[in-house]
Protein chains: 2
Amino acid sequence: MMSNPQAIPLEVPVRRKRNPRGSLNKEVILAEAFRLCREENLDELSMPKLAKRLGVGVTSLYWYFHTKDELLQAMLAQVSDEFLQALPDHSGLTWDEHFRRYFTDMRRIFLANDVISDFLVMYTHVSMIAPGGYFMSRLNREVGILMDAGLSPQDATRGYQAMSTYTTGTVQKIRQVRLRGENPNLKMFPVDDLPVMSAIGAEYPNLLLTSEFWHRTYSTDVDYEFGLNRIIEGLRSLIP
Amino acid sequence: MMSNPQAIPLEVPVRRKRNPRGSLNKEVILAEAFRLCREENLDELSMPKLAKRLGVGVTSLYWYFHTKDELLQAMLAQVSDEFLQALPDHSGLTWDEHFRRYFTDMRRIFLANDVISDFLVMYTHVSMIAPGGYFMSRLNREVGILMDAGLSPQDATRGYQAMSTYTTGTVQKIRQVRLRGENPNLKMFPVDDLPVMSAIGAEYPNLLLTSEFWHRTYSTDVDYEFGLNRIIEGLRSLIP
DNA sequence: ACCTGAACACCGTTCAAGT
DNA sequence: ACCTGAACACCGTTCAAGT
């Protein structure tokens, strides 16, 4: 045992060895932030966690992004791009078939990529898509297809918004269930529990009749397509 | 100046005077929690803030609610009740007129009460409505109206879900805009800025044609009703 | 049985450094 | 110009008390 006559603390705090000058930049921070979101989720993204994964001091991040919100905005821009790139482009289809494909594709992209959903449909503290070029050219094209089908400019706009809102609405419900860690395939009623179901059925006959069709998420793929087709048929009824 | 020979700290920490025994209970905590949510919003609800408003120690709250989530669940139960109470009951209407009223009423309640929206459409960490009595009797009734109109049990269920998802989808978009402190009436394009609009119009003619119809929230009241009517017309097309 | 503060591990962010 | 830790005001929650 060594004596310690001058009361110098035995445990000298281990100072992280200083990282070299150009080791950090916006790109590597963004990439690691996305990796974190993919492994956990957007709610779990924090500056300290991110810094630890990168092996840098927390405050180093603030040199590149002055606030967490600035980082989120940069992520949002990248996510919007990725989303629009992933959305396929069809041609030569009738207007109704076009929108069936367009929105089921959109929904598929959201459901296959939770980070995209979190940024583009769930969250609120990241402000909406800045009308950049590609986004506007898409909108221009889609609303044009509805006008070519015979809808007025106003009805075309409203029609697009209705299909879009319905689509993101189903995505939101599924994402909520996933975030809660519940099984998205769960039904709403205990259809296999016969005593319970017959008790329900005694009081609520229509729920017994429909019990197998209610899902926690409110929307299987075919349920979604049913709803989308209702909007499309409803739009068709406006065409002279 | 008084001397302080025994090094007793001059500033004795002001101890809060102990609150009497029965001063706190679940009801007053819940009431204050709702007041806080109404004045700020659900995101701003924290245990320390709530305790300070009640004039009690933070930890006192944990005697009545073991976690913050337990408090949120209790609030959710109360909010669900309030929501279902507020939702009017019609009768003697045709099925299509019934659902027009039912869902515009639902939307009106959400938009008039942000706390209800936050619990029932925005949030995710509070798990969904436990199928209590009144909720199930409502569902039983509504799906019955669709079946009476001539839809199959499956289509009736899907139809209800489509209208419901579309409705909460529009509410979510509006709440997001409000939470960001933006003006919900703002249009998407700067329609009054003629130079900018003509530049947009040169590249995106359909957006120029429809520019006045795009809103940040994606849904004015009439836009919403347009979409709802599309679903209703789409459902009508399934009736023999 | 009910109410209390101290304490802990987390946040986002600021600041005054070091190199 | 870039990287650093100490420090601050916030969280939710635990614990060992006090009455």
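Values below: all heavy atoms of this structure, side chains included; hydrogens, waters and symmetry mates excluded. Per chain, numbering begins at 1; letters A, B, ... match sequence-line order.
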Which nucleotide in the list [options] gets nearest to the side chain of [X]?
{"X": "M47(A)", "options": "dT4(C), dG12(C), dT4(D)", "result": "dG12(C)"}
{"X": "N19(B)", "options": "dG12(C), dT4(C), dC3(D)", "result": "dT4(C)"}
{"X": "V58(B)", "options": "dT13(D), dT13(C), dT4(C)", "result": "dT13(D)"}

Whole angstrom value for the distance that separates [atom2] of [N] from [atom1] of [X]:
{"X": "K52(B)", "N": "dA9(D)", "atom1": "NZ", "atom2": "P", "answer": "11 Å"}
{"X": "K68(A)", "N": "dA9(D)", "atom1": "NZ", "atom2": "P", "answer": "21 Å"}
{"X": "K49(B)", "N": "dA9(D)", "atom1": "NZ", "atom2": "P", "answer": "16 Å"}
{"X": "D43(A)", "N": "dG12(C)", "atom1": "CG", "atom2": "P", "answer": "11 Å"}
{"X": "L72(A)", "N": "dG12(C)", "atom1": "CG", "atom2": "C1'", "answer": "12 Å"}
{"X": "K26(B)", "N": "dA1(C)", "atom1": "NZ", "atom2": "C1'", "answer": "15 Å"}
{"X": "E44(A)", "N": "dA9(C)", "atom1": "CD", "atom2": "P", "answer": "18 Å"}
{"X": "L54(B)", "N": "dT4(C)", "atom1": "CG", "atom2": "C1'", "answer": "15 Å"}

Would you check if [X] and [Y] make a side-chain contact, meaning some heavy-atom pair closer than 4.5 Å?
{"X": "R38(B)", "Y": "R35(B)", "answer": "yes"}
{"X": "E182(B)", "Y": "Q176(B)", "answer": "no"}
{"X": "F110(A)", "Y": "T170(A)", "answer": "no"}

>> Any base atoms under 4.0 Å from L71(A), or only sugar-phosphate, or nothing? Heavy atoms, all strands.
In response: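 Nothing, no heavy atom under 4.0 Å.
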> Now, which nucleotide makes the Watson-Crick or G-U wobble pair with dA1(C), with each of the two distances under 3.5 Å?
Replying inline: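 Partner of dA1(C): dT19(D).
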> Given that both distances must come in under 3.5 Å, which nucleotide forms a Watson-Crick or G-U wobble pair with dT14(D)?
Replying inline: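 Result: dA6(C).
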>> Between E44(A) (side chain only) and E39(A) (backbone N and O only), is there a donor and an acceptor less than 3.5 Å apart?
In response: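 Checking the backbone N and O of E39(A) against the side chain of E44(A), no donor-acceptor pair under 3.5 Å is found.
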>> For a side chain to side chain contact (heavy atoms under 4.5 Å, CB included) check, start with the C-alpha distance between F65(A) and L72(A), then their side-chain angles and the critical distance, and finish with the verdict.
In response: CA-CA 9 Å; F65(A) 300 99; L72(A) 291 175; over 6 Å; no
>> Please determine whether salt bridge (Lys or Arg N to Asp or Glu O under 4.0 Å) holds for the pair D89(B) and R138(B), giving the CA-CA distance in whole Å, both sets of side-chain angles, and the decisive distance to 0.1 Å.
In response: CA-CA 9 Å; D89(B) 224 349; R138(B) 264 302 171 126; 3.5 Å; yes
> Near DNA chain D, under 4.0 Å by heavy atom, which residues of residues 59-66 of chain B?
Replying inline: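 When residues 59-66 of chain B is checked for heavy atoms under 4.0 Å from DNA chain D, the hits, listed by number, are T59(B), Y62(B).
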>> Between Y160(A) and F103(A) (judged by ring centroids, cut-off 6.0 Å), do the two rings come close enough to count as a pair?
In response: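 When the ring centroids of Y160(A) and F103(A) are compared, they turn out to be within the sub-6.0 Å range.
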